[in-house]
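Beneath this line is the structure, given in structure tokens, with notes to follow.
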Amino acid sequence: MSAPESASDRRARIVFLVGFMGAGKSSVGLALSRTLGWPFEDLDERIEAREHRSIEQIFQESGEAAFRHIEHAALSSLIRGLGTSPKIVAVGGGAFVQANNAALLEEAGFPVVFLDAPVEELFRRCQEQQLLKRPLRRDPEEFRRLYETRRPYYMKAAVRIDTGGKDVEKVAAETIKSLGLR
Ligand code: S3P
């Protein structure tokens, strides 16, 4: 007979993907969801649904500080709504950098995975996704500065996966292996 599942086993199956714009958080999240058969949620989509506005509109109409409040409220409600079932969650590039969000994830004890890549590749990937409007993706120099400021925060994640030059399936497979998921 197998031992009953502990609370920490259950927490280990709620995985948060963090990292800079263009890291592939949503596409890797979807690949993990397909492979593991676990649901996937994108925090930015929850924000847009709650606000009935796009991320771009929120930035334009209300500014970044207001966006961060909304993002924190959305993350808190997402966490409160988690039951015992597994889930993959991708959060926007600035979320894990905010101390209040990082504290929520740490208190809850969920595994956090930092998807990383060289900043030139991150910028290129964002350029290729022109349809996705990213208010904080401006010129390459500013992009690099923001990445460098944020990287020490992302490094606090339990696991870092280097995604440079890899396809999403490979990154998903490495994530599964690193976290011992199945
Ligand atoms: C942001 C990244 C975006 C989105 C918002 C702010 C950031 O998400 O949350 O535009 O601060 O880096 P992606 O990382 O999915 O592009």
Side-chain angles (χ1 to χ4, degrees), residues 14-33 39-79 87-105 110-157 159-164 166-168 171-172 175:
I14 310 237
V15 176
F16 280 79
L17 302 176
V18 308
F20 205 59
M21 293 170 270
K25 302 174 296 286
S26 304
S27 43
V28 171
L30 285 167
L32 285 170
S33 164
F40 167 72
E41 180 163 352
D42 187 321
L43 184 67
D44 279 344
E45 284 177 11
R46 174 179 287 241
I47 292 170
E48 291 184 332
R50 275 167 74 109
E51 285 290 305
H52 307 289
R53 312 187 266 174
S54 67
I55 301 291
E56 191 190 13
Q57 275 175 305
I58 302 172
F59 269 79
Q60 269 174 6
E61 295 166 5
S62 310
E64 181 173 353
F67 172 77
R68 297 297 169 204
H69 282 295
I70 296 166
E71 180 176 54
H72 179 66
L75 181 64
S76 308
S77 87
L78 187 156
I79 291 174
K87 189 161 192 168
I88 311 286
V89 183
V91 302
F96 192 58
V97 175
Q98 306 295 313
N100 54 359
N101 296 332
L104 275 183
L105 298 184
F110 301 130
V112 176
V113 178
F114 166 30
L115 299 181
D116 197 14
V119 69
E120 297 75 18
E121 185 167 339
L122 294 169
F123 192 76
R124 199 173 56 246
R125 290 182 196 163
C126 288
Q127 270 183 316
E128 285 163 8
Q129 302 164 354
Q130 289 291 350
L131 286 180
L132 193 59
K133 299 287 176 228
R134 290 181 160 109
L136 295 181
R137 184 192 71 87
R138 300 188 189 109
D139 62 274
E141 270 321 299
E142 235 180 287
F143 191 85
R144 173 187 295 278
R145 263 199 305 278
L146 188 58
Y147 169 78
E148 282 168 3
T149 311
R150 285 178 173 183
R151 199 163 183 282
Y153 295 90
Y154 299 138
M155 288 299 285
K156 294 181 185 160
V159 171
R160 183 185 85 92
I161 307 276
D162 189 355
T163 71
K166 295 176 192 161
D167 65 35
V168 289
V171 176
T175 305

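Counting starts at 1 for both ligands and their atoms, in listed order. Note that the numbering runs from 1 along the sequence shown for the chain.
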Donor-acceptor pair, side chain of Glu48 and main chain of Ile55, under 3.5 angstrom: yes

Arg137 to Phe123 six-membered ring, cation-pi geometry met (6.0 Å, 45°): yes

Partners meeting salt bridge (Lys or Arg N to Asp or Glu O under 4.0 Å) with Glu45 (sequence neighbours left out): none

Which residues share a ring pair (Phe, Tyr, Trp, His ring centres under 6.0 Å) with Tyr154, sequence neighbours left out: Phe114

Residues Arg144, Thr149; criterion side chain to side chain donor-acceptor pair (under 3.5 Å); working and verdict: CA-CA 9 Å; Arg144 173 187 295 278; Thr149 311; over 6 Å; no

Neighbouring protein residues of ligand 1 - any heavy atom closer than 4.0 Å: Met21, Lys25, Asp44, Ile55, Phe59, Phe67, Arg68, Gly92, Gly93, Gly94, Arg134, Pro135, Leu136, Arg150

Pairs touching residues 17-27 that satisfy side chain to side chain donor-acceptor pair (under 3.5 Å), sequence neighbours left out: Ser26-Asp42

